[in-house]
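The basis for the numbers below is simple: all heavy atoms, side chains too, and nothing from hydrogens, waters or symmetry mates. When a ligand or atom number is given, it counts from 1 through the structure's own listing order.
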Amino acid sequence: MDRKNKPSAIPVSPFAPQPIVDLSDNVLTARLPSGDSVTVYLYGATVTSWKTANGTEQLFLSTAAALDGSKPIRGGIPLVFPVFGPPPQNHATSNLPQHGFARNNLWEFLGKSSSESLGSKADDSVKLDFGLSPANLDEATRKKWPYEFGLVYSVTLGKGKLGIQLHVQNKGDKSFDFQALFHTYLAVKDISKTAVSGLKSSPYVDKVRSAQTFTEDSSSLSFSGETDRVYTPPTDSKAEKPLVTLVVTEGGKESFVVTRDALPDVTVWNGWADKIKAMGDFEPKDGWKRYLCIEPGAVSSWTKLEAGDAWEGGAAYESKL
Ligand code: BG6
């Protein structure tokens, strides 16, 4: 039967702007129709640039960062796996370099999903997936950490937002212990006018004070010297996955909102003048004034992954600038 007032299909414009994704020379760039953009080096799957629609760079990248695969990239978002900091002695990670091997090996680009396939109505986000497995490591590194693992790292660019998610799979027949962390260098205008709220009452290990444990008594953490702390905020025991929000302010105005998904810890790091002076790949030398690392992770203890099991943790950065 031919209905007189039958509903017609909602017209979809074939010209609706789509995210543009380009991969050349192992560097991936993605741009949303809004103008938001992200750059990811396959080396380390390191995000080196995240710009919001007005073109403002949200991440700090050293002008002396090695971008040729000779060493981890200084700035952006290096990925830390399977050990955070210098590996402990007599441990399965003991022979690995500081912060592990994820940040200094070439990842594979697995593909992109646009808003439509992510269940959102508008074309306002794009998800980029990267993978790392023993097949991507050289023989020497495989020997240093002889486990069958699979990592999938997802970077989701949205309007004013960047989501990052790490999926770890144990594909072997023996369990392994790991730590993981997103070592995000946020760009700030002036570290002395920058503060972080959301950490009050949180225990933290202060690496600048002999790795002793303290409890944060300030509702607004400000910076006046080298800061290197691993916070483990208490979580609501009823919550299955802790979703904890931190707010970065600059001159009293909100600049970033950082949420953590199923990640118990967050490292807050600024090396300050002297430490940065000694870092050969950190330029300009006064650049310590213009970055703050807010590093969500699972690093205060080891996560044990049984054979065949998987783990996932993530974070999201929202720019308020
Ligand atoms: C931070 C650590 O996460 O990374 C600091 O807490 C360390 O102790 C910093 O100095 C930089 O590490 P790297 O290996 O990139 O020089």
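- In this structure, OH on Tyr317 lies 8.0 Å from CZ on Phe182, to the nearest 0.5 angstrom.
- For the pair His167 (side chain) and Leu151 (backbone), a donor-acceptor distance under 3.5 Å is absent.
- Around ligand 1 you find Arg74, Phe84, Gln98, His99, Arg103, His183, Lys207, Asp228, Thr267, Trp269, Lys275, Met279, Glu295, each with a heavy-atom distance below 4.0 Å.
- Between the side chains of Asp281 and Ser62, no donor-acceptor pair is found at a separation under 3.5 Å.
- With salt bridges taken as basic N to acidic carboxylate O contacts below 4.0 Å, none links Glu250 and Lys253.
- One side chain, Ser300 or Asp265, offers a donor N or O that lies under 3.5 Å from an acceptor on the other.
- Judged as a side chain to side chain contact (heavy atoms under 4.5 Å, CB included), and not counting sequence neighbours, Asp173 has no contacts.
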